[in-house]
Amino acid sequence: MKLTRKLFVSAFLGAATMFIGQLAQAQQPASASGQLTIDSFNGIYHLGRDNRGLSLLTTEETIVADFPSAGFYGLKRELPKTYQGHNVDVKVLAVSDAAGNPVPYKISSDGGNLLITTGNPAIKLFGSQTIKIRYQTTGVINLKGNVDEFLLNVNGRGWDVPISNADAILYIPSDLQKSIKGKPSCYTSLGNTSSNYCQITSSQAAGSLKVSSKARLLQPHQALVLKVNFAADTFTNGHRFKSLFAILVAIVALLALTVTSYRVLKRRNTTL
Amino acid sequence: MLILIITGGIFFIGHSTKSPLPKDINDQVNFKVIYPSSHAAQIQPSSYNYHQQQKVLNFKVNYAGSPIVFSQQPAPRNIGLDTQSYLPALGIHPYAQFDTALGQVALTKFYQSGNLKLFSQSAVLVSQDTLLIATSSKSLTNEQWKSLFDSLKITK
């Protein structure tokens, strides 16, 4: 391992059933004195769907980390680019600091994940630092069961440092609320074990259902997971319109062929 | 040869470290002065102020839509020769640091007592026995600070 004074992340896929493991891991180089700690991981999520029924998720993560004196320059965040075999079209919208000032970042690929690296290697950071990452993803619903399942892995399972506070606020618009099946739930997951050491509440907020969940003192690789079920066929994989379009094209082509054939036959009849 | 001399002359003029201070202040200042040299950072000509007794030179620099106060003075040698040595002496806990041609720069924040609202951001640099503290009441990004300090020069 090259002993560099920066944070780096290794991909760590969550459980197969888990939606979009927002995977980030902060590993310390062996030479580092002091360890980076995550004071809070706060996610705000707006779930929606487009006119094809494809789910859309806009995410704003606020990570407050305490940088040690080892001279790190930023965080690395890994987001899976696929979910259940399809592309989730991760689109990074912005990376900023606590004041909303832009923070430099670069995007690269690491295996099947999109890797966001924040910060400037020439500028070392110390003490409490706030990093906000805004991004959008599509196709985030599990459509393979008898309900449409939204399973949100809030902080991901890749962090190898503890997280003091993990919070998630999910906004579900009114047009989707009537499709919710049962009550939203939460759990924490570590390896193959899960527990219910988390809290979840729901309330109405400006026409949306606001689902708030939190967990405290998460261990390394432990994730807060939020689950909301929707009635089957609330969402689609986005291919419905493509299929309809293909059918429409086929009908038009058939009509055109019929008209052309009719005209040809008619011309033949008139010339005979 | 002539072209080389002319090019060298233009380069020397363009990169000379002639003091930007008004003559009356320049005559009083007996330490090296750090100043911006890019078009993006312009000294307000009317802002020069030198306190003879304290040996503190102040001037304002317009940068990124904000006035930044440059305050500099001779750095006591008994503390150290670089920025790092001065941080504990000044009670400064930096939130970011970067290197420039003139030395290492430490960024720090000052908060209002009581409500702990951000009061100012400051950048501290010790270079060639001059201690510079640049202060902005407006929040600048780390990159903006670095860009400003990368453009600084010091008089001979």
Side-chain angles (χ1 to χ4, degrees), chain A residues 4-7 26 28-29 31-40 60-77 92-107 116-134, chain B residues 38 40 63-66 68 82-112 115-127 134-152:
Chain A
T4 53
R5 290 193 161 191
K6 65 175 187 175
L7 281 182
Q28 291 287 102
S31 63
S33 60
Q35 192 182 35
L36 180 137
T37 55
I38 305 293
D39 297 328
S40 67
E60 179 175 298
E61 293 175 349
T62 302
I63 303 166
V64 180
D66 196 27
F67 281 61
S69 57
F72 297 136
Y73 68 84
L75 294 172
K76 288 194 175 185
R77 191 86 174 91
V92 179
L93 304 174
V95 179
S96 59
D97 63 14
N101 293 318
V103 167
Y105 66 96
K106 65 177 184 179
I107 294 173
I116 306 167
T117 307
T118 72
N120 179 342
I123 301 175
K124 307 296 184 224
L125 304 175
F126 304 95
S128 183
Q129 304 282 337
T130 299
I131 307 289
K132 292 185 176 188
I133 303 173
R134 287 188 69 232
Chain B
S38 77
Y63 177 69
S66 173
I68 295 171
D82 60 1
T83 305
Q84 202 66 38
S85 311
Y86 278 80
L87 299 181
L90 296 170
I92 286 174
H93 298 280
Y95 66 87
Q97 286 185 353
F98 53 83
D99 292 321
T100 68
L102 295 182
Q104 192 175 60
V105 177
L107 302 181
T108 190
K109 291 173 182 171
F110 293 103
Y111 297 90
Q112 290 176 350
N115 60 15
L116 292 179
K117 279 187 177 173
L118 181 64
F119 178 69
S120 66
Q121 281 182 319
S122 291
V124 180
L125 166 68
V126 174
S127 182
T135 302
S136 171
S137 55
K138 183 188 165 191
S139 180
L140 298 181
T141 66
N142 297 343
E143 281 63 36
Q144 286 174 316
W145 279 113
K146 187 172 189 317
S147 177
L148 173 64
F149 272 74
D150 279 339
S151 78
L152 298 187

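Below, read A as the first sequence line, B as the second, and so on, with proteins coming before strands; counting in each chain starts at 1. These numbers were taken from a predicted model, which means no experiment stands behind them.
- Of the possible donor and acceptor atoms, none in the side chain of B:Gln97 sits under 3.5 Å from a partner among the backbone N and O of A:Gly71.
- In terms of heavy-atom pairs under 4.5 angstrom with chain B, the leader among A:Asp97, A:Ile123, A:Val103 is A:Ile123.
- Heavy-atom distances place both the backbone and the side chain of A:Ala122 under 4.5 Å from chain B.
- The number of heavy-atom neighbours closer than 6.0 Å to NZ of A:Lys106, taken from other residues, nucleotides and ligands shown, is 12 or below.
- Separating the CG atom in A:Asn120 from the NZ atom in B:Lys146 is a distance of 7.0 Å, to the nearest 0.5 Å.
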Query - Derivation and outcome, side chain to side chain contact (heavy atoms under 4.5 Å, CB included), residues B:Asn142 and A:Leu125 - result: CA-CA 10 Å; B:Asn142 297 343; A:Leu125 304 175; 3.5 Å; yes
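- Counting heavy atoms from C-beta on, the side chains of B:His93 and A:Phe126 never come closer than 4.5 Å.
- Of all heavy-atom pairs between B:Thr141 and A:Pro102, the closest is CG2-O, 4.0 Å.
- Counting heavy-atom pairs under 4.5 Å between each of A:Ala99, A:Ser128, A:Gly119, A:Pro104 and chain B puts A:Pro104 at the top.
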